Amino acid sequence: MQKSLADSSAQFDLVKWSPPLPGPRGGQRFTCEQLVGSADSAVVAQQAISHRDSFSIMLILCANAQDAARLAEEIPIFAPSLKVRLLPDWEILPYDAFSPHQDLVSERLATLHEMLTGACDIVLMPITTALQKIAPPQFLAAHTFFFKKGDTLNEQALRHQLQEAGYEPVTAVVRPGEYSIRGGLIDLFPMGSALPYRIDLFGDEIDQIRSFDPDSQRSLFPVHEIRLLPGHEFPLDEAARTAFRGRWREVFEGDPSKCSIYKDIGNGIPSAGIESYLPLFFESTATVLDYLPNFQQPAWIGLHGDLESGMKNFWQDTTQRYNFLSHDSSRPVLSPKELYLQHDELFALIKPYPRLSLSREQNSATANFLQLPALAINRKEQDPIRLLREFLKNAQQRVVISADSAGRRETIKQLLSDNQLSLDSFESLDNFLQQDKVVHGLIHSALHEGFIAPHGDIAIVTESELFAQTARNRRKNKDREASNVDTLVKDLSELKVGDPVVHAEHGIGRYQGLIMLDMGSGEEEFLHLLYAHAAALYVPVSQLQLISRYSGADPETAPLHQLGSGQWEKAKRKAAQQIRDTAAELLNLYAARATRQGHAF
């Protein structure tokens, strides 16, 4: 860890993104202003690396969930050695009658555990998450277990432990919080883990632990130890369920037997929306600040954006929902004060800590960061990249262009090359910075917006500036994204006449350029696509999101689909059927394994 921090310090010796800023000082607040674009991520990374020995954890509270997720993506780009974690929101409204997604709960539990043990450097969260009253740290500490190769493991005891922790028995393990026991083979997807694990027992001893792919169910690589977090943010053992029902009778009037949540908890079933009753599981709740590690150095609190407005809006919405739902006797609700901190309570809790306020406002004459000029690629001009070319020619600092992915980087490189502008590619920002003789370069990273850092003598340009007319839809979970970001067409200047493209509804055709058509409301611009038998399809430019590049082996011989023939739908159905067949084969395989008689050794 010390070596990696030294490596990042070396990077900041190459580039100081801003003038030196004060480190953490107990109870004092320092404000860093005019953070243009993604400059806030650079400042946080620089501060964390420069003063890492002066704080235990940097806890950054963001005005909204989008900024928290963005910072979590961007900070490691500037400081790869920092371990950055996100404590996400539940992504449900207060008092909703359904529970947060299991993946979110898994990520939350993992982050809280790393906070408690001091295993991370920076934790980011929306301000609404910081307001939540959550389970006390003692619950998480008491319900976290570790298994190592060579440990003794009783199968029945493990089954009971998993059930009490809220894990779900299934045939095939595919998501966090599930397990499957088949003789001496145990599949387990612990909460907070990126992959599930397969435990192979030899008698009562753990003989081998391997991770496996939840989609293919194939083993991947050996693991020495696994961490087992609880399956929920609340306990489900008999004592906790009894305490929950007792507190329910104390808090709510009326006959509890008429409430499905009360009855379900008695049967060990966590009803949808049970999170809105979390305080009933514990004698007292806690806040995220209670999870800060008990180290000699204090935590460093970051305040990002307009937190007061965010808290005010949240409390207003929560109060309105409480007033609307509090009259339902079949589903009574706790008051907002029992579930959330008020803004003055939160500020009182963080006041003793050193604080770093991050703002986009400018209240001084000195500008640490500058906005980029207009750089958008304009395909209608004779020179589509004229603005970018002029900027690179006149820039007084090094310039790096960041694409969303490696595929997008190569697409932009080809686009620039077609317009007589050649740039070298680099794998990361760090690689580019180390090549101090290179003035301009191309990288791929998750940076959302560019900026100019005069103090660091560098400017960063992203796709947000190059393709200003195209909305950038960030993916919350890349595994759930159906389309491939590398094949997306963000601007028509990326396409050349004759290129094969894929229409989401009609399949493979060839791009023939643009054409102006009048559909009754004035002339509009359309893409002209050529299909089999010289059939033409005209797609409005406003529907560019339906078009992606052909990613087959040889673009010259790409097979064109016939419009109206159903070829494309048939191809998609065939692919879906192959996926279902593979899934069925795996289920049959595991069913056969489960029924097979084992052998005693």
Side-chain angles (χ1 to χ4, degrees), residues 38 73 77 372 374-389 391-392 399-429 431-432 438 440-450 459-475 478 481-504 507-514 525 527-529 539 541-558:
S38 296
E73 285 184 331
I77 298 170
L372 288 164
L375 300 174
I377 294 173
N378 187 351
R379 57 185 171 79
K380 295 182 180 180
E381 289 193 9
Q382 186 175 358
D383 181 7
I385 62 169
R386 177 180 59 84
L387 295 176
L388 177 62
R389 193 192 307 274
F391 175 71
L392 294 177
V399 180
V400 59
I401 299 175
S402 174
D404 289 348
S405 68
R408 291 291 307 162
R409 180 189 63 191
E410 296 310 309
T411 298
I412 294 174
K413 184 176 182 179
Q414 183 63 45
L415 171 62
L416 300 180
S417 178
D418 291 344
N419 289 276
Q420 291 74 52
L421 180 59
S422 178
L423 296 182
D424 291 330
S425 297
F426 299 88
E427 287 302 312
S428 66
L429 178 61
N431 293 146
F432 172 77
V438 179
H440 305 145
L442 267 170
I443 65 170
H444 70 90
S445 73
L447 289 174
H448 285 225
E449 295 182 62
I460 294 179
V461 179
T462 70
E463 291 196 40
S464 292
E465 292 79 43
L466 295 182
F467 306 105
Q469 302 303 317
T470 305
R472 302 184 71 192
N473 295 318
R474 285 285 167 178
R475 297 176 292 169
K478 295 182 181 181
E481 183 64 37
S483 61
N484 187 341
V485 70
D486 290 347
T487 65
L488 293 177
V489 176
K490 291 202 172 184
D491 191 270
L492 290 174
S493 57
E494 299 175 10
L495 295 177
K496 298 191 292 290
V497 173
D499 283 352
V501 296
V502 181
H503 190 285
I508 303 171
R510 285 194 181 275
Y511 175 64
Q512 300 298 303
L514 296 172
E525 212 167 18
L527 284 77
H528 179 196
L529 305 184
V539 182
V541 171
S542 60
Q543 297 181 13
L544 186 61
Q545 74 277 6
L546 298 176
I547 307 298
S548 59
R549 290 188 301 277
Y550 175 73
S551 57
D554 186 4
E556 297 298 327
T557 60

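Because the structure is a prediction, the values reported are computed rather than measured.
- For the atom pair Ser402 OG and Arg408 CZ, the distance stands at 11.5 Å (nearest 0.5 Å).
- Residues that satisfy the side chain to side chain donor-acceptor pair (under 3.5 Å) test with Asp424, not counting sequence neighbours, are absent from this structure.
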(request) Evaluate the criterion side-chain contact (heavy atoms from CB on, under 4.5 Å) for residue pair His440 and Leu421; output intermediate values, then yes/no. (result) CA-CA 11 Å; His440 305 145; Leu421 180 59; over 6 Å; no
(message) The test is side-chain contact (heavy atoms from CB on, under 4.5 Å); show your working for Leu387 and Glu381 and say whether it passes.
(response) CA-CA 11 Å; Leu387 295 176; Glu381 289 193 9; 5.7 Å; no
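- The shortest side-chain heavy-atom distance between Leu388 and Ile377 does not fall under the 4.5 Å cut-off.
- Residues Phe391 and Val461 are in side-chain contact: their nearest non-hydrogen atoms beyond the backbone lie under 4.5 Å apart.
- Contact annotation: the side chain of Val501 never approaches that of Ile508 to less than 4.5 Å [non-hydrogen atoms, C-beta and beyond].
- Nearest heavy-atom pair, Arg510 versus Thr557, reported as atom, atom and distance to 0.1 Å: NH2-N, 4.1 Å.
- Considering CD1 of Ile412 and CG of Leu442, their distance stands at 6.5 Å, rounded to 0.5 Å.
- Of the inter-residue distances, the one linking Glu556 atom CD with Asp499 atom CG reads 8.5 Å to the nearest 0.5 angstrom.
- Taking every heavy atom of both residues into account, Ile547 and Leu529 meet most closely at CD1-CD1, 4.0 Å.
- Phe432 does not carry Arg409 over the face of its six-membered ring by the limits of under 6.0 Å from the centre and within 45° of the normal.
- Between His448 and Ser38 the shortest heavy-atom distance is N-OG, 3.6 Å.
- Interatomic distance, CZ of Phe426 versus NE2 of His444, reported as 12.5 Å (0.5 Å rounding).
- Looking at Arg549, its side chain never comes within 3.5 Å of a backbone N or O of Thr411 through a donor-acceptor pair.
- Rounded to the nearest 0.5 angstrom, Ile443 CD1 and Leu423 CG are separated by 12.0 Å.
- Once rounded to the nearest 0.5 Å, the distance linking CZ of Phe467 with CG of Asp404 reads 9.5 Å.
- Judged purely by atom type and a 3.5 angstrom limit, Ser422 has no side-chain atom pairing as donor or acceptor with the backbone of Ser417.
- The two residues Ala446 and Ile77 make their nearest non-hydrogen contact at N-CD1, 3.4 Å.
- The side-chain heavy atoms of Arg386 and Asn378, taken from C-beta on, include no pair separated by under 4.5 Å.
- Glu465 and Thr462 share a side-chain donor-acceptor pair at under 3.5 Å.
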